[in-house]
Amino acid sequence: MRKIIQIVSIPVFILLFFSCSKAEEPALTPLGAKEISGETLWNRITADSDYTQYSYWPGHEGLQPGQSPHGLYHRIFVNRALMEALPVNGNTAPDGTIVVKENYTSSKELASITVMAKADGYDKENNDWFWAKYAPNGDIQAQGSPKGCILCHEGMKNNDYIIVRPLDEPVK
Ligand code: HEC
């Protein structure tokens with residue numbers, strides 16, 4: 001009898017282990033400079049690692065009021081490459097960082113998804129960020145090094161183009 005219980009409990013434990021760890025964001029090799037594109041990045045934040053499982057920016061959780069031009073409300077998700085590095089001395093996000101910003105209309109409908117992803121060697125002049133904008137269904141609306149994104153975010157070059165929060169701010 002004990003043996004049967006033991007035999008039965010093994011798959012149960014395995015099942016429990018996988019069902020509990022399912023939501024955990026996998027540690028993935030960062031997309032390389034040659035590999036990164038609107039398409040590979042969309043796959044990375046959906047199929048490879050669902051961005052809605054990432055952490056919110058610490059201190060900036062859930063739906064937040066936003067500024068132009070991104071929409072009236074937003075939610076910002078940060079992947080583990082950056083989360084594990086926070087607070088970053090020198091204000092430079094590590095290779096593999098992905099920041100996903102969902103942009104909502106005044107009636108709180110998802111309007112677009114804007115993403116910044118660090119790919120070592122992709123764009124040395126602009127701190128190696130790959131920029132992308134998607135429709136909610138994943139259609140690519142902008143990708144690569146769009147001037148618009150860079151010109152506006154450049155105002156925060158001393159914080160690695162990140163606007164919403166100082167990278168070196170301690171995480172509570
Ligand atoms: C006119 C200025 C402006 C332009 C153009 C712009 N942004 Fe932003 N962006 C902001 C502001 C301001 C924030 C801070 C959050 C907020 O208030 O919406 C932000 C935040 C973000 C964030 C969250 C990380 C952070 O920096 O705080 C991402 C990701 C992002 N933008 C991506 C993009 C992409 C991709 C483009 C181009 C398609 C773009 N942005 C164009 C102003 C701009």
Side-chain angles (χ1 to χ4, degrees), residues 23-61 64 66-71 73-104 110-171:
E24 171 95 352
E25 183 192 332
L28 298 166
T29 313
L31 290 172
K34 292 206 175 107
E35 201 182 354
I36 200 160
S37 70
E39 206 178 326
T40 56
L41 182 57
W42 180 256
N43 284 339
R44 175 55 57 112
I45 64 169
T46 56
D48 298 350
S49 62
D50 177 1
Y51 76 83
T52 61
Q53 306 286 344
Y54 296 179
S55 308
Y56 284 121
W57 258 125
H60 200 85
E61 290 86 6
Q64 296 279 335
Q67 297 171 34
S68 98
H70 281 304
Y73 297 96
H74 63 247
R75 292 203 297 175
I76 302 180
F77 298 91
V78 181
N79 75 340
R80 64 188 283 169
L82 181 55
M83 275 310 286
E84 284 171 1
L86 289 177
V88 194
N89 289 328
N91 298 66
T92 304
D95 184 32
T97 288
I98 300 178
V99 185
V100 179
K101 182 165 177 300
E102 289 183 336
N103 306 294
Y104 288 85
L110 183 60
S112 66
I113 298 162
T114 38
V115 186
M116 293 169 67
K118 256 290 159 94
D120 196 23
Y122 173 73
D123 178 8
K124 287 247 178 289
E125 261 176 47
N126 297 294
N127 294 19
D128 288 335
W129 286 112
F130 181 93
W131 307 76
K133 184 176 180 193
Y134 303 95
N137 68 359
D139 283 353
I140 299 165
Q141 297 178 335
Q143 62 176 314
S145 309
K147 278 218 172 73
C149 315
I150 294 173
L151 282 174
C152 197
H153 278 252
E154 209 168 42
M156 291 302 287
K157 194 156 188 167
N158 61 359
N159 193 46
D160 207 3
Y161 294 77
I162 295 283
I163 296 176
V164 91
R165 186 179 188 277
L167 287 169
D168 62 356
E169 189 175 298
V171 180

K.L.:
Do you see a donor-acceptor pair shorter than 3.5 Å between the side chains of Asn159 and Asn91?
P.N.:
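The criterion, which ignores hydrogens and geometry beyond distance, is satisfied for Asn91 and Asn159.
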K.L.:
Atom CG of Asp160 and atom CG of Asp168: how far apart are they, to the nearest 0.5 Å?
P.N.:
11.5 Å
K.L.:
Looking only at side chains, do Thr114 and Asn103 share a donor and an acceptor under 3.5 Å apart?
P.N.:
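Per modelled atom types, Thr114 and Asn103 side chains form a pair under 3.5 Å.
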K.L.:
How long is the straight-line distance from CG of Asp95 back to CG of Leu82, given to the nearest 0.5 Å?
P.N.:
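With rounding to 0.5 Å, CG (Leu82) is 12.0 Å from CG (Asp95).
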K.L.:
Side chains of Tyr51 and Val115, heavy atoms from C-beta outward: is any pair under 4.5 Å?
P.N.:
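With C-beta onward as the side chain, the pair stays apart.
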K.L.:
Going by heavy atoms in the side chains, are Met116 and Trp131 under 4.5 Å from each other?
P.N.:
yes
K.L.:
For Trp57 and Ile162, run side-chain contact (heavy atoms from CB on, under 4.5 Å): C-alpha distance rounded to whole Å, both residues' side-chain angles, the deciding distance at 0.1 Å, then the answer.
P.N.:
CA-CA 11 Å; Trp57 258 125; Ile162 295 283; 3.7 Å; yes
K.L.:
Does the side chain of Gln64 reach to within under 4.5 Å of the side chain of Lys101, using non-hydrogen atoms?
P.N.:
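Answer no - side chains too far apart.
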K.L.:
Are any non-hydrogen side-chain atoms of Pro58 and Met83 less than 4.5 angstrom apart?
P.N.:
yes
K.L.:
Which pair of heavy atoms, one from Asn126 and one from Glu154, lies closest together, and at what distance?
P.N.:
OD1-OE2, 4.2 Å
K.L.:
Do Thr92 and Leu167 pass the side-chain contact (heavy atoms from CB on, under 4.5 Å) test, and can you show the C-alpha distance, the side-chain angles, and the key distance before you say yes or no?
P.N.:
CA-CA 7 Å; Thr92 304; Leu167 287 169; 5.9 Å; no
K.L.:
Would you please test Val100 and Thr52 for side-chain contact (heavy atoms from CB on, under 4.5 Å) and show each step?
P.N.:
CA-CA 9 Å; Val100 179; Thr52 61; over 6 Å; no
K.L.:
Any heavy-atom pair between the side chains of Phe130 and Thr40 that's under 4.5 Å?
P.N.:
no
K.L.:
Quick check against the 3.5 Å criterion: does Asn79 have a side-chain atom that pairs as donor or acceptor with the backbone of Ile98?
P.N.:
yes
K.L.:
Any side-chain to backbone donor/acceptor pair from Asn127 onto Trp129? Under 3.5 Å, distance only.
P.N.:
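No; judged by distance alone, with no hydrogens or angles, the pair does not exist.
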K.L.:
Looking at side-chain heavy atoms only, is the closest gap between Asp120 and Pro30 below 4.5 Å?
P.N.:
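Side chain of Asp120 against side chain of Pro30, heavy atoms only: no contact under 4.5 Å found.
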K.L.:
Under the salt bridge (Lys or Arg N to Asp or Glu O under 4.0 Å) test, which residues partner Glu84, sequence neighbours left out?
P.N.:
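In terms of salt bridge (Lys or Arg N to Asp or Glu O under 4.0 Å), with neighbours along the sequence ignored, Glu84 is linked to Arg80.
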K.L.:
Tell me, do Tyr122 and Leu31 make a side-chain contact under 4.5 Å, heavy atoms counted?
P.N.:
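No. Closest side-chain heavy atoms not under 4.5 Å.
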K.L.:
With a cut-off of 3.5 Å and sequence neighbours excluded, list every side-chain donor-acceptor pair involving residues 138-149.
P.N.:
from	atom 1	to	atom 2	distance (Å)
Asp139	OD2	Asn137	ND2	3.4
Gln143	OE1	Gly38	N	2.8
Ser145	OG	Asp123	OD2	3.4

K.L.:
Within this structure, what is the CD1-OH distance for the pair Ile45 and Tyr54, rounded to the nearest 0.5 Å?
P.N.:
6.5 Å
K.L.:
Answer yes or no: is there a donor N or O on one side and an acceptor on the other, between the side chain of Thr97 and the main chain of Lys118, under 3.5 Å?
P.N.:
no
K.L.:
Taking all non-hydrogen atoms of both residues into account, name the closest pair between Ala132 and Leu41 and its distance.
P.N.:
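Where Ala132 meets Leu41 most closely, the heavy atoms are CB-CD2, 4.1 Å.
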K.L.:
Quick one: pull up CD in Glu169 and CG in Leu86 and give me the separation to the nearest 0.5 Å.
P.N.:
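Interatomic distance, Glu169 CD to Leu86 CG, rounded to 0.5 Å: 9.5 Å.
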K.L.:
Any side-chain heavy atom of Leu110 sitting closer than 4.5 Å to one from Arg75?
P.N.:
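They are not in side-chain contact.
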K.L.:
For the CZ atom of Phe77 and the CD atom of Glu61, what is their distance to the nearest 0.5 Å?
P.N.:
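Going from CZ on Phe77 over to CD on Glu61, the span is 11.0 Å.
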K.L.:
Okay, side chain of Asp128, backbone of Gly121: is any donor-acceptor separation there less than 3.5 Å?
P.N.:
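At least one qualifying donor-acceptor pair exists.
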